[in-house]
Amino acid sequence: MDMLQRVQLACAEAIAALYGQQIPATDITLTPTRREFQGDYTLVVFPFIKWIKKAPDAIAAELGDYLKNHLPIIADFNVVKGFLNLVLSEQVWSELLEYLYTKPNYGRHPANGQKVMVEYCSPNTNKPLHLGHVRNILLGWSASKILEAAGYEVVRVQIINDRGIAICKSMLAWQKYANGATPQSVGVKSDHFVGNYYVEFEKHFREEYAAWQQSPEADKVFETYQKKGQSREQFFKDFKDRYFNQYSILGSEAAEMLRRWEAGDPQVLALWQQMNQWVYDGFEQTYALLGVSFDKYYYESDTYLLGKDIVEEGLQRGIFYRETDGSVWINLEDVGMDKKVFQRSDGTSVYITQDLGTARQRYQEYGIERMVYVVADEQNYHFQVLFEVLRRLGEPYANGLYHLSYGMVELPTGRMKSREGTIVDADDLIAEVINVARANSQERGTLADLPQDEQETIIRQIALAALKFHIIKVQPKKRMIFIPEESVDLQGQTGPYIQNAYVRIQSVLRKAEEIHLNWDASAQYVHLQDLEKELLRSLYEFPDIIKRAAAEYDPSLIAGYAYNLAKHFHRFYHDYSILRAESEAAKAFRLKLAQAISQVLKTAMDLLGIEMPEKM
RNA sequence: GGUCCCGUAGCUCAGCUGGAUAGAGCAUCUGCCUUCUAAGCAGACGGUCACUGGUUCGAAUCCAGUCGGGAUCACCA
């Protein structure tokens with residue numbers, strides 16, 4: 001089946017036969033021939049002149065001759081400046097089309113028997129989701145879909161940071177200021193409701209802090225701790241955290257709440273459960289809107305004590321060491337990292353300790369070979385350390401760990417900052433893009449005959465395609481600048497552009513059903529147009545693209561591929577008629593081609609978490 | 001300061017396991033809807049691929065250095 005492999009093998013064979021050189025077939029790279037030259041794939045012969053002392057053009061000509069005579073699928077060749085351009089027989093393309101036009105699963109690889117866990121999103125429970133989470137969610141979902149398509153069994157999980165001082169702030173503010181209000185009673189989406197109390201806490205805290213700064217106590221603090229030449233204003237800006245921990249009434253109340261939570265106070269636990277439940281309900285709505293889901297939720301309140309036994313075990317094996325004050329460390333300086341603490345001198349764990357514990361727990365629970373953490377790049381170092389430690393501990397899954405690191409999402413004005421109110425809320429963003437899509441659709445009027453709910457479904461599909469594609473087309477590790485106006489664009493290099501290619505094909509296929517057409521006639525189609533060959537060449541690449549995207553954990557490769565394919569199709573659609581083609585053979589051939597393209601587009605977009613409408 | 005990531009058109013991004021004349025979209029300008037959905041197509045404009053050096057027949061791509069931008073280096077999570 002794999003024609004490129006056959007060409008590679010034949011090339012190696014030719015080199016062996018003509019020049020007595022053994023070159024592994026996989027070392028022979030064939031690249032798609034540039035459009036301005038005649039041919040489908042190009043072999044660059046320059047690398048061979050090391051072993052074969054001949055002019056590149058001569059080698060290319062001899063190889064071309066050999067291939068044309070020995071390999072039936074090579075119809076012709078030409079040589080341009082050391083580049084051997086190979087023309088494949090038309091039959092190869094026809095056979096490829098016959099093979100794939102009826103295969104909705106084309107591109108997906110068979111199960112490989114391996115299990116991979118993908119952890120993504122992993123929010124805190126004191127605030128609603130924002131744009132940064134959206135990038136995380138889309139990457140995580142898409143990466144997991146791509147891994148599935150590459151043959152893995154995938155377990156999607158998130159770990160929720162449901163404990164700590166942050167949620168206590170929301171709880172305390174609710175207790176103090178809400179008068180028993182609930183999301184239902186005030187009609188606010190429940191995660192936003194909780195987030196509002198977090199904001200409320202911060203507001204009251206700032207007021208309290210500002211008032212305190214006028215007090216004699218503050219004067220004394222300033223005089224005692226002030227650094228040379230530091231202004232009073234700057235001093236209190238830097239002093240905020242210390243104020244919260246040592247002087248603040250609200251701060252001590254929040255800390256007290258955390259203590260009571262840790263002590264298992266039933267009242268506090270009940271409130272905590274209530275607040276978190278509100279947040280989860282809100283998150284679920286957002287996940288549903290985005291079309292993502294999880295197989296398992298982990299909660300830090302359950303896992304934050306894990307890993308202590310591993311530290312103990314590592315200590316005994318000499319992987320960790322104990323300082324005189326009792327704290328436990330690892331020294332990673334020999335691999336260019338630092339010393340890192342794993343247990344405080346008081347015996348309590350630090351954050352990374354629980355990561356050790358959860359990693360092992362997950363392995364034991366699921367028997368996974370690989371684990372992908374979708375986490376922003378500010379934690380690159382953390383994961384370097386974590387993975388190195390797990391390797392040293394000899395964990396069996398240690399070589400299958402991967403940090404899918406992605407760059408921060410910034411606005412044209414810079415980083416999002418809650419203090420400046422520039423956080424882009426996930427729900428607001430989705431609502432906005434849906435509004436734009438709706439306005440656009442109404443203007444076009446193409447959906448007017450459909451029932452209202454179907455219209456809304458399609459509008460939602462278009463809107464989310466725009467948003468998702470806009471985010472996911474950027475390589476994960478790159479920082480991205482999110483321009484709100486561009487994220488709602490529906491034309492150009494966008495999700496809807498690709499949907500439109502699909503919709504056009506569906507429309508043609510519907511029309512084709514109405515007329516009598518002999519699909520078998522495609523076999524008689526000869527002299528394919530360049531664009532048709534180019535489209536087939538793209539389709540042929542699809543399985544490899546999936547494999548590569550999985551190996552590199554990079555959904556943007558799929559996005560780029562889908563856009564490219566759609567672009568070629570739009571051009572083809574414009575330049576040639578399908579249903580009014582010159583012959584029955586051409587009609588059938590193009591119809592099959594269009595169908596194959598629509599399947600591949602649909603699969604590719606599915607891997608990005610984007611749905612395809614039948615009309616738009 | 002150490003480590004890691006980024007720097008490509010006015011803007012947002014592809015291309016990076018070395019191959020032919022560096023590509024898209026947006027923006028600006030110009031054409032194309034009695035013909036399968038114009039959310040489309042075609043054209044024009046737009047480049048010192050940050051800089052310098054090296055390796056190579058060949059470098060946006062690999063190596064070294066420089067300059068810019070970001071992240072990180074907590075007994076925080």
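Each chain gets a letter, A, B and so on, in the order the sequences are listed, and its residues count up from 1. Both backbone and side-chain heavy atoms feed into the values below; hydrogens, waters and symmetry mates do not.
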*asked:* Starting the side chain at C-beta, find the nucleotide from B/A20, B/A39, B/U72 nearest to A/M616.
replied: B/A39
*What is the distance, rounded to the nearest whole Å, between atom NZ of A/K477 and atom P of B/A71?*
18 Å
_From NZ (A/K340) to CD1 (A/I352), nearest 0.5 Å_ = 5.5 Å
_Tell me whether the NZ or CZ atom of A/R163 lies within the 45° cone about the ring axis of A/Y304 and under 6.0 Å from its centre._
yes
*Quick one: which of B/A20, B/C36, B/C6 gets closest to the side chain of A/V508?*
B/C36
*Dot-bracket line, read 5' to 3' along RNA chain B, where crossing pairs take [ ] and | marks a partner on another strand, Watson-Crick or G-U under 3.5 Å*: (((((((..((((.....[...)))).(((((.......))))).....(((((..]....))))))))))))....
*Tell me whether A/F46 is stacked on the nucleobase of B/G58, counting only the six-membered base ring and applying the 5.5 Å and 30° thresholds.*
no
*Could you work out the separation of B/C26 and B/C62 based on their P atoms and round it to a whole Å?*
30 Å
If you look only at distance, which donor and acceptor atoms sit under 3.5 Å apart when one is on a side chain in residues 589-596 of chain A and the other is two or more places apart or in another chain?
residue	atom	partner	partner atom	Å
A/R590	NE	A/E532	OE2	2.7
A/R590	NH1	A/S577	O	2.9
A/R590	NH2	A/E532	OE2	3.4
A/K592	NZ	A/E98	OE1	3.2
A/K592	NZ	A/E98	OE2	2.9
A/K592	NZ	A/W519	O	3.2
A/K592	NZ	A/S522	OG	2.8
A/Q595	NE2	A/Y101	O	3.2

*Would you kindly give the CZ-to-C1' distance between A/R163 and B/A77, to the nearest whole Å?*
9 Å
_Over all strands shown, is A/R590 touching base, sugar-phosphate only, or nothing at heavy-atom distances under 4.0 angstrom?_
nothing
*Please work out if A/T42 contacts a base, only the sugar-phosphate, or nothing of the nucleic acid, heavy-atom cut-off 4.0 Å.*
base
*asked:* Whether A/K240 engages the ring of A/F205 as a cation-pi pair (distance to the six-membered ring centre under 6.0 angstrom, angle to the ring normal within 45°) should be assessed.
replied: no
*asked:* Let's see if you can work this out: which of B/C36, B/C26, B/G40 has an atom nearest to the side-chain heavy atoms of A/D489?
replied: B/C26
_CG (A/D530) with more than 12 external heavy atoms under 6.0 Å_ = no
_Closest nucleotide among B/A20, B/C57, B/A77 to the A/V350 side chain_ = B/A77
*Would you say the base of B/A20 and the side-chain of A/N85 have a donor-acceptor pair closer than 3.5 Å?*
yes
*Determine the interatomic distance between C1' on B/G31 and the same-named atom on B/G70; round to the nearest Å.*
44 Å
*Please state how far atom CG in A/L386 lies from atom C1' in B/A77, giving the value in whole angstrom units.*
14 Å
*Taking atom P of B/C4 as reference, at what distance in whole Å does atom NE2 of A/H403 sit?*
16 Å
Each nucleotide N or O in nucleotides 9-15 of chain B that has a protein N or O under 3.5 Å away: list the pair and distance.
residue	atom	partner	partner atom	Å
B/C13	OP1	A/I481	N	2.6
B/A14	OP1	A/Q475	N	2.6
B/A14	OP2	A/K478	NZ	3.1
B/G15	OP2	A/Q475	NE2	2.8

*asked:* Tell me whether A/Q38 at atom CD has more than 12 heavy atoms from other residues, nucleotides or ligands lying less than 6.0 Å away.
replied: no
*Which is true for A/Y497 with a 4.0 Å heavy-atom rule: it touches a base, it touches only sugar-phosphate, or it touches nothing?*
sugar-phosphate
*Determine the contact category for A/N124: base if any of its heavy atoms lies under 4.0 Å from a base atom, sugar-phosphate if only primed atoms, P, OP1 or OP2 are that close, otherwise nothing.*
nothing
*asked:* Taking salt bridge (charged side-chain N to carboxylate O under 4.0 Å, His left out) as the definition, give me every residue that meets it alongside A/R34, ordered by chain and number, with sequence neighbours left out.
replied: A/E36
*Who pairs with A/Y563 by ring-ring contact (aromatic ring centres under 6.0 Å, His included), at least two apart in sequence or on another chain?*
A/Y497
*Considering only the P atoms, how many Å lie between B/U66 and B/C41, rounded to the nearest integer?*
46 Å
*asked:* Regarding A/I462, tell me which of base, sugar-phosphate or nothing describes its non-hydrogen contacts under 4.0 Å with the strands shown.
replied: base
*So does A/K308 have more than 12 non-hydrogen atoms from other groups sitting under 6.0 Å from NZ?*
yes
*With heavy atoms under 4.0 Å as the rule, sort A/E485 into base, sugar-phosphate or nothing.*
nothing
_Please check if the number of heavy atoms outside A/E582 that lie under 6.0 Å from its CD is greater than 12._
yes
*Which whole number of Å gives the distance between the P atom of B/C13 and that of B/A9?*
12 Å
_A/I498 CD1 to B/A39 P, straight-line distance once rounded to whole Å_ = 16 Å
*Check every strand shown and say whether A/Y381 touches a base, only sugar-phosphate, or nothing at a heavy-atom separation below 4.0 Å.*
sugar-phosphate
*Whole-Å gap separating P (B/U72) and CD (A/E388)*: 22 Å
_Do A/Y561 and A/F542 have side chains that approach each other closer than 4.5 Å (heavy atoms only, starting at C-beta)?_
yes
*Does B/A71 have OP1 or OP2 sitting under 4.0 Å from an N or O in the side chain of A/R415?*
yes
*Centres of the A/F239 and A/Y243 rings: under 6.0 Å?*
no
*asked:* What contact category does A/P47 fall into here, base, sugar-phosphate, or nothing, at under 4.0 angstrom with non-hydrogen atoms?
replied: base
_Side-chain donor-acceptor contact under 3.5 Å, A/E62 with A/Y19_ = yes
_Nearest-angstrom distance, C1' atom, B/A39 to B/G25_ = 14 Å
*Using the P atoms only, state how far B/U3 lies from B/C63, rounded to an integer number of Å.*
16 Å
*Of all the choices, B/G25, B/C5, B/A71, which nucleotide is nearest to the side chain of A/Y563 once you look at every atom?*
B/G25
*asked:* If you take any heavy atom closer than 4.0 Å to RNA chain B, which residues from residues 565-582 of chain A end up in contact?
replied: A/K567, A/H570, A/R571, A/Y573, A/H574, A/Y576, A/S577, A/I578, A/L579, A/R580
*If we take the P atom in both B/G2 and B/G65, what is their distance in whole Å?*
11 Å
_Gap in Å between the two C1' atoms, one belonging to B/G15 and one to B/U61, rounded_ = 9 Å
_When you measure from the side-chain N and O atoms of A/R344 to the phosphate of B/A77, is any distance below 4.0 Å, counting only OP1 and OP2?_
yes
*Quick one: A/K339 NZ to B/A74 P, roughly how many Å, whole number?*
12 Å
*Nearest 0.5 Å please: distance from the CD1 atom of A/I160 over to the CG atom of A/N124.*
10.5 Å
